[in-house]
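In what follows, a single structure is set out as structure tokens and then discussed.
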Number of protein chains: 2
Amino acid sequence: MSKEIIHVAIVEDDDELRQMLAYVINGTPGFYCKHTYIDCESAIKELPNIYVHVVLMDIELPGITGIEGVAILKKALPHIDFIMLTIRQDDASLFGSLCAGATGYLTKDTPPSNLLQSISEVRNGGAPMSTRIARKVIASFKIDRKASPLTTRETEILNLLCDGMNYRSIAEQLFLSAHTVKTHIKNIYRKLHVTSRASAVKKAIDDGLI
Amino acid sequence: MSKEIIHVAIVEDDDELRQMLAYVINGTPGFYCKHTYIDCESAIKELPNIYVHVVLMDIELPGITGIEGVAILKKALPHIDFIMLTIRQDDASLFGSLCAGATGYLTKDTPPSNLLQSISEVRNGGAPMSTRIARKVIASFKIDRKASPLTTRETEILNLLCDGMNYRSIAEQLFLSAHTVKTHIKNIYRKLHVTSRASAVKKAIDDGLI
DNA sequence: GCTTCCATCACCCAAAAGGGGTATTTTGAG
DNA sequence: CTCAAAATACCCCTTTTGGGTGATGGAAGC
């Protein structure tokens with residue numbers, strides 16, 4: 001664990017909460033919060049000129065949202081870690097924030113001790129998340145591939161279609177006649193309800209078949 | 001926090017570690033470990049017949065790997081939470097496990113107290129992860145879309161290609177001549193280094209262009 | 001003012017794809 | 001053993017695609 005003092009900035013439009021957060025941070029050894037902002041516009045203007053390690057970012061802000069703000073700021077200041085601090089638990093907010101470059105995601109019911117621990121954690125290479133949030137993130141990976149309607153051979157050929165191979169190339173690679181490849185592809189089209197290679201590839205990817 | 005006793009099973013081929021883990025779990029109030037397995041084969045045979053909440057799963061096992069094991073077991077026993085407990089930190093192991101349905105991922109340097117806390121956490125709707133692991137998971141969402149090489153019009157047409165539309169349909173939809181559509185598609189192919197619709201769709205999806 | 005990119009439209013031609021059939025062999029489940 | 005599904009192979013025919021080449025007008029950048 002690093003012993004350096006962690007410099008924290010806050011972007012939060014609620015005056016009371018913003019001041020309370022700064023108060024808690026400044027009242028804890030090892031943490032320091034000098035800069036707070038009421039919206040992303042001012043944060044975007046000021047942050048490049050100050051020294052800060054971690055930013056606590058609200059999502060629901062007037063003007064530029066916290067998610068858009070992170071996307072903009074993270075691109076300009078990739079060394080800063082952004083922790084979302086929000087009441088929102090919907091998938092769009094969560095995954096939007098992560099795609100934008102947030103490194104942590106805490107709900108506002110996080111008690112102060114956990115919040116401080118999360119700030120330390122993000123500074124030490126972690127990615128702090130509220131309990132339910134973590135579960136959502138993990139669950140998003142699980143692929144319950146509905147039993148593919150395709151046979152092994154068909155799936156094999158579908159993969160080669162993705163590489164842009166034509167009948168003949170596929171046939172050579174699989175030691176089949178081009179006629180057979182064509183028959184398989186016709187069956188693939190029928191099963192996926194498509195009529196072209198392009199849409200077969202798209203549907204296969206969307207449905208997690210490949 | 002639930003006060004019920006959490007029933008834990010272990011799948012781990014190292015005799016010493018397996019016994020040590022069981023010893024720690026059984027020595028802690030609120031935790032109970034009656035069943036341990038040295039490989040996935042025996043776990044797959046026994047787990048459906050026993051009462052258990054959480055399974056600690058190693059990855060490197062003789063025969064069926066922990067990842068394959070989770071995929072098989074999670075499908076049959078979706079109510080059980082699987083926590084990977086492994087020395088492996090590579091992306092393939094991590095994301096393979098998550099896709100298979102693991103709910104937690106701990107490295108073997110996790111101290112016993114953290115391990116027990118993680119078991120509680122997963123039982124309470126969380127998704128416990130080691131610090132670095134969490135960061136990897138979060139980082140996997142971040143999309144730094146390299147500026148698309150395609151123009152607005154080309155991207156527009158690329159999207160229609162995904163729907164399996166032909167020159168004529170695209171032309172009608174965009175109020176263009178089919179000749180123009182063809183020119184755009186030729187330019188798309190050149191920029192994406194492909195020579196067919198199927199591979200253009202694949203590459204566009206892979207590169208996050210659509 | 002010049003150049004570059006974008007968007008638009010056009011023609012020719014060979015290759016490939018797609019739709020409709022039919023048929024044999026292998027494999028697997030009951 | 002039997003039946004169904006899967007995998008294999010072939011034919012005919014029309015439509016679509018991909019590659020090459022060329023041209024024009026407008027907007028943006030230098």
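Chain A is the first sequence line, chain B the second, and so forth, proteins listed ahead of strands; every chain is numbered from 1. Given the structure is predicted, the values throughout are model-derived calculations rather than measurements.
Side-chain rings of B:F141 and A:F141 approach one another, their centers coming within less than 6.0 Å.
As rounded to whole Å, 15 Å separates atom C1' of D:dG18 from atom CD1 of B:I157. Rounded to an integer number of Å, the gap from CG of B:L150 to C1' of C:dC5 is 14 Å.
By the 30° and 60° cut-offs, the orientation of the rings of A:Y51 relative to A:H53 is perpendicular.
No donor-acceptor pair closer than 3.5 Å links the side chain of A:E46 to the backbone N or O of A:A43.
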Tabulated below should be each protein N or O lying under 3.5 Å from an N or O of nucleotides 24-30 of chain D; please produce it.
none

Between A:V137 and B:V137, is a side-chain contact (heavy atoms from CB on, under 4.5 Å) present by the stated rule, with each step listed? CA-CA 8 Å; A:V137 170; B:V137 170; 3.5 Å; yes
Side chain to side chain donor-acceptor pair (under 3.5 Å) assessment of B:S177 paired with B:T180: CA-CA 5 Å; B:S177 89; B:T180 305; 3.2 Å; yes
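For DNA chain D, the neighbouring residues in residues 177-196 of chain B, judged by any heavy atom under 4.0 Å, are B:K182, B:K186, B:Y189, B:T195, B:S196. Within residues 164-176 of chain A, the residues approached by DNA chain C to less than 4.0 Å at the level of any non-hydrogen atom are A:N166, A:Y167, A:R168, in residue-number order.
Using a 3.5 Å distance cut-off with no hydrogens or angles, the side chains of B:T152 and B:T155 do not pair a donor with an acceptor. With 3.5 Å as the limit, one finds a donor-acceptor pair spanning the side chains of B:S196 and B:S199.
Here B:D15 pairs with B:R18 in a salt bridge; the nearest charged N to carboxylate O distance falls below 4.0 Å.
Between B:I59 and B:Y105, some side-chain heavy-atom pair lies under the 4.5 Å cut-off. You'll find the side chain of A:L73 reaches within 4.5 Å of the side chain of A:I44, heavy atoms only.
One finds a side-chain N or O of A:R197 lying less than 4.0 angstrom from the OP1 or OP2 phosphate oxygen of C:dG18.
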